[in-house]
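Every heavy atom of this structure was used, including side-chain atoms; hydrogens, water molecules and symmetry mates were not. Both counts, for ligands and for their atoms, begin at 1 and track the order of listing.
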Amino acid sequence: MLLDQQYLFAPGPTPIPDRVKAAMNQPMIAHRSQEFPKLLEDVATRLMPVFGSENPVTVLSGSGTSALEAAAANVIEENDVVVVVVAGAFGDRFASICETFGANVHRLNIEWGAACTPEQLEECLQSIPKEIKAVFVTYCETSTGVLNPIKALGEVVKRFTNALYIVDGVSCIGAVPVDMKEWKIDILVSGSQKALMLPPGLAFVAMNDEARAVIRNCKAKRFYLDLNRYLASYETDKSTPFTPAVSLIYGAQEVCRMFEEEGFENVIKRHLLLKEMVREGLRAIEVPLLTSDEDASPTVTAVRTIDGPSKQIKKLLKDKFAITVGGGQKKLKGEIFRIGHMGYCTPFDVIKVLGSIEMTLKFLEGKDVLGIAVKRAEEVWMEHV
Ligand SMILES: *Cc1c(COP(=O)(O)O)cnc(C)c1O
């Protein structure tokens with residue numbers, strides 16, 4: 001096989017469009033030049049509709065976790081009471097970060113594979129007699145392929161508390177709708193290497209004015225990730241406090257252009273189609289899915305291997321077909337594999353991954369499923385063309 005034909009269906013990093021690669025190859029500019037402020041302002045404002053933000057989006061250099069850490073480090077003071085919805089590995093990470101910064105963390109544990117319901121959150125918030133500083137929720141829980149009902153959960157947060165509502169959108173922003181004002185989100189964070197079609201290395205923080213006020217008054221120690229520095233540099237001369245990942249920001253500018261050309265509404269619709277094709281295709285060959293249709297994310301699908309196809313499927317997909325999928329994380333290790341279908345991904349790509357799964361099942365289990373998942377996915381696609 002052609003070694004440079006590798007098919008990346010991990011739930012991050014994701015494939016990079018050629019024009020984004022070309023944009024990242026532009027000559028380097030100094031970040032204290034006249035050009036850089038124009039670039040940064042362009043990206044920070046063009047990302048606003050993608051984040052559903054009324055303020056320009058703050059750009060950090062670091063992986064997605066740096067934005068999660070920034071959200072916690074700039075809000076939490078020692079012994080603050082916070083609630084973290086833990087429906088998988090990334091909710092668990094958000095909780096650990098909050099613990100690291102000295103918060104009194106209440107974990108709302110949700111069964112892995114399901115979404116948090118507004119009733120579950122309400123019950124949790126009502127059971128805590130103290131003032132809650134912040135509620136942290138993962139929009140797409142990448143480890144299970146679940147999309148939490150961020151709008152409905154925001155209603156609950158603001159009805160029962162005065163807490164900030166902080167959302168991790170790393171594996172779905174750029175592929176799903178979001179409206180910070182209407183959904184009552186105070187801080188929304190994301191990373192570059194998932195639905196935003198960029199290499200790893202940028203992190204994004206969108207903050208409303210209430211969140212900015214809390215961050216300004218927060219006494220906790222921080223330096224590199226002190227969001228006040230980023231906000232002040234942007235305010236004064238559209239710059240960053242430290243050397244930014246200039247090439248990646250050029251790439252982000254091209255991604256914004258691509259979103260605008262396709263139309264962001266159409267980007268969202270494309271992801272819904274990809275999800276439906278993957279799920280319907282797998283169902284047609286009786287491969288069990290981890291999540292219900294209602295809870296399923298348009299960006300990543302988790303497939304059960306414990307009562308379904310062999311655990312070797314991930315290795316065979318790679319060895320025979322150069323297809324990379326994700327494995328299970330933490331308590332789902334060995335029990336699932338995950339197909340990422342976000343960012344630079346088309347219905348044709350879904351046909352590729354489904355066809356390879358059919359052939360792998362034939363290899364592994366002698367199951368005669370050739371063409372069946374692909375046919376079903378094509379039928380779904382045809383309803384939309
Ligand atoms: C990928 C991801 C992160 C960040 O991970 P990094 O490896 O630091 O980029 C955080 N939250 C979610 C939901 C993710 O999918």
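Within the 4.0 Å heavy-atom criterion, neither part of Glu141 lies near ligand 1. Only backbone heavy atoms of Cys140 (N, CA, C or O) come within less than 4.0 Å of ligand 1; its side chain stays farther off.
Counting protein heavy atoms only, atom 11 (N) of ligand 1 is closest to Asp168 OD2, 2.6 Å.
Proximity to Thr65 (heavy-atom distance under 4.0 Å) selects the following atoms of ligand 1: 4 (C), 5 (O), 6 (P), 8 (O). Close contacts between ligand 1 and Thr142 involve ligand atoms 12 (C), 13 (C), 14 (C), 15 (O) [criterion: under 4.0 Å to a heavy atom].
At least one N or O atom of Gly64, backbone or side chain, sits closer than 3.5 Å to an N or O atom of ligand 1. For ligand 1, the polar-atom distance check finds no N/O of Thr138 at less than 3.5 Å from any of the ligand's N/O atoms. When only interatomic distances are considered, the shortest N/O to N/O separation between Lys194 and ligand 1 falls below 3.5 Å.
Considering only non-hydrogen atoms, atom 9 (O) of ligand 1 lies nearest to Gln193 out of Gln193, Glu69, Arg93, Gln329.
Annotation: the span from His271 atom NE2 to Cys172 atom SG amounts to 10.0 Å, rounded to 0.5 Å.
Paired with Asp168 under the rule side chain to side chain contact (heavy atoms under 4.5 Å, CB included), one option of Thr65, Thr138, Val137, Val84 passes, and it is Thr138. Only one option out of Leu196, Val43, Val59 pairs with Leu202 in a side chain to side chain contact (heavy atoms under 4.5 Å, CB included); it is Val59.
Distances from ligand 1 to the non-hydrogen atoms of Gly62 include no value under 4.0 Å.
Phe94 is listed as a side-chain neighbour of Ile166, based on a closest heavy-atom distance under 4.5 Å.
Put simply, the side chain of Gln26 gets close to the backbone of Ala23: a donor and an acceptor are under 3.5 Å apart.
With 3.5 Å as the limit, one finds no donor-acceptor pair spanning the side chains of Ser143 and Arg93. A side-chain donor from one of Ser239 and Asp237 sits under 3.5 Å from a side-chain acceptor of the other.
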